[in-house]
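Okay, so here's the structure we're looking at.
We use all heavy atoms of the structure for the numbers below, so side chains are in, but hydrogens, waters and symmetry mates are not. So you know, we letter chains A, B, ... as the sequences are listed, proteins then strands, and number each from 1.
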2 protein chains.
Amino acid sequence: MQRPSQINSPGSRKGKPVSRQVLADHVYEELLESLMDGRLEPGATVSIDGTARDLDVSPTPVREALARLEHTGMVRRVALKGYRVAPVFTREDFAELMEARLAIEPVNARLACGRLTPERLAQLEQAVTDLRTAPRGPSFAEYRDYLEADERFHRLIAEQTGNQFMVAAYAALGGQVQRFRLFGGVGITDAENAIAEHQAVLDAMASGDPETAAAAMADHVRKVRGRAIADAPEG
Amino acid sequence: MQRPSQINSPGSRKGKPVSRQVLADHVYEELLESLMDGRLEPGATVSIDGTARDLDVSPTPVREALARLEHTGMVRRVALKGYRVAPVFTREDFAELMEARLAIEPVNARLACGRLTPERLAQLEQAVTDLRTAPRGPSFAEYRDYLEADERFHRLIAEQTGNQFMVAAYAALGGQVQRFRLFGGVGITDAENAIAEHQAVLDAMASGDPETAAAAMADHVRKVRGRAIADAPEG
DNA sequence: TGCCTGCCAGCCCTATAGGATCTGAACATG
DNA sequence: CATGTTCAGATCCTATAGGGCTGGCAGGCA
């Protein structure tokens, strides 16, 4: 999840020149929010020229932003036909994602366990604290901080392995993690349980036993899967 | 690794209009070959305008091709500074890659084991056959078929899991797998052993026991690691 | 000799224009 | 009424031009 170094207030009027930064970053954020909130329905085409007109920029930065979004799986590109919003997660997609997380994240926890520095530990604790304090509303703008803290916790563990490829493998999943929140329209409903599980993972890693840390992470992922399936309205 | 549906002969002279396809695909292939052969040294800057002049196209398709290459890890982008060729593999990078493969590929073999169809089995056998017959020269053009068959074998197993995220996780590594061949300038020196190990993995999967298949895959990855470290000229 | 300053070429980034292609509807014809 | 054709609009794709910034180099000064 790449973010620009600075975001100026949304809702700004047209013609107002955006801050001196790469416009593609701005377009990326704008499209991401539209996708997360469901304003862009699955299957709808995302016109390059049309988006450029809406955001009052030229097609060039829109093209670059869409090229990045394609690698998150949120949009798909067909040559000479344009971009379309990818279909929503099904129950099967979600099960596959959890299966993959079960294969990768406990390994990350185990590898990271032996490399815990006080600095890194503090960052993990900060992430859990942010989880507790983040607002939880129905729109992406309201729960994005929560999601960001959640994602940051798991990514920090991946980075703590010191293995760039485990980070890359996790990132291949992480971009998709955000999407499943949408697949039933439910917001953040499992915050209390999830926070406790994150704390348990953190405690296990701090204790220094790799196997316990791996088990705690596996337990967390399984419980997330269980709760999400219970919450989902239908297939 | 996305490829255009058709590739016309490389080495074509300037001015020759490329086939009716998206130019970005062509630029992507051209840059990939330059990277794999080492014509673009690690750390060198890849100028957008300069590349456009060399290939006789405008900067726009070059920009899109580089955006795709960035996600393979071969080039890195710094905002407002341009693209640079990613640094070459060190011995530590290689160890990390093998550690990650050990975490992911045995799981793939286990998951794929229960879903073997005769058609898929035939594709795997074909990959091993191609490994035996592929030429093995020092330049990328000569050993690319060997590498392609190797990569195809492992990718087929990942796809056979039926889990799109395990495929994505493997792809996060797979794009890098090819590069490590470059890190000492050594060509294909372990073909006979590697072919036998691939055959062992295939046999284990055909027998239907998931744990045996996972063990065979883990054994293969470990032995690849051992041979490569023995071959490497230095750190 | 060493250091600072102004100039200049190159590059990234964005905007704009034009050609090529696809889609969809109106229209003519059997 | 069904079907093939034409035409207009939208869209993608590429090329070209210009603004703003960075980095190197020559020349002047202590």
Q) Between B:Pro59 and A:Arg77, who's closer to the 5' end of DNA chain D by nearest nucleotide? A) A:Arg77

Q.
Please identify which of these residues, A:Met166, A:Glu99, A:His154, meets the side-chain contact (heavy atoms from CB on, under 4.5 Å) condition with A:Ile104.
A. A:Met166

Q. Under 3.5 Å, side chain of A:Asn163 to main-chain N/O of B:Glu96, donor-acceptor pair present?
A. yes

Q | A:Arg53 side-chain N/O to D:dT11 phosphate OP1/OP2 under 4.0 Å | A | yes

Q | Nearest-Å distance for atom pair CG/P, residues B:Asp49 and D:dG18 | A | 15 Å

Q | Rounded interatomic separation in angstrom, taking CG from A:Leu23 and P from D:dG19 | A | 17 Å

**Q.** Rounded distance (Å) that lies between atom P of C:dT23 and atom CG of A:Leu80
**A.** 11 Å

Q) Roughly how many Å is it from OH in B:Tyr83 to C1' in C:dC11, rounded to a whole number? A) 14 Å

Q.
I want to verify a distance call: between D:dA15, D:dC12, C:dC13, whose nearest atom is closest to the B:Val57 side chain?
A. D:dA15

(Q) Is A:Ser58 close enough to C:dT14 that one of its side-chain N or O atoms is under 4.0 Å from OP1 or OP2 there? (A) no

Q.
Pairing donors with acceptors under 3.5 angstrom, does anything connect the side chains of A:Thr45 and A:Arg84?
A. no

Q: Answer with yes or no whether the side chains of B:Asp54 and B:Thr51 bring together a donor and an acceptor at under 3.5 Å.
A: no

Q: Rounded to the nearest angstrom, tell me the gap between atom NZ in B:Lys81 and atom C1' in D:dC21.
A: 10 Å

(Q) Checking side chain to side chain donor-acceptor pair (under 3.5 Å) between A:Arg68 and each of A:His71, A:Glu64, A:Glu70, which is the one that passes? (A) A:Glu64

Q | Integer-rounded Å distance: C:dA15 C1' and A:Arg63 CZ | A | 14 Å

Q: Take the protein atom NE2 of B:His26 and the nucleotide atom C1' of D:dT14, then report the distance between them rounded to whole Å.
A: 15 Å

Q: Return the value, rounded to whole Å, for the distance between atom CG of A:Leu66 and atom C1' of D:dT11.
A: 13 Å

Q. Which part of the nucleic acid does A:Ser47 contact within heavy-atom distance under 4.0 Å: base, sugar-phosphate only, or nothing?
A. sugar-phosphate

(Q) Please classify the nucleic acid contact of B:Val46 as base, sugar-phosphate, or nothing, using heavy-atom distances under 4.0 Å. (A) sugar-phosphate

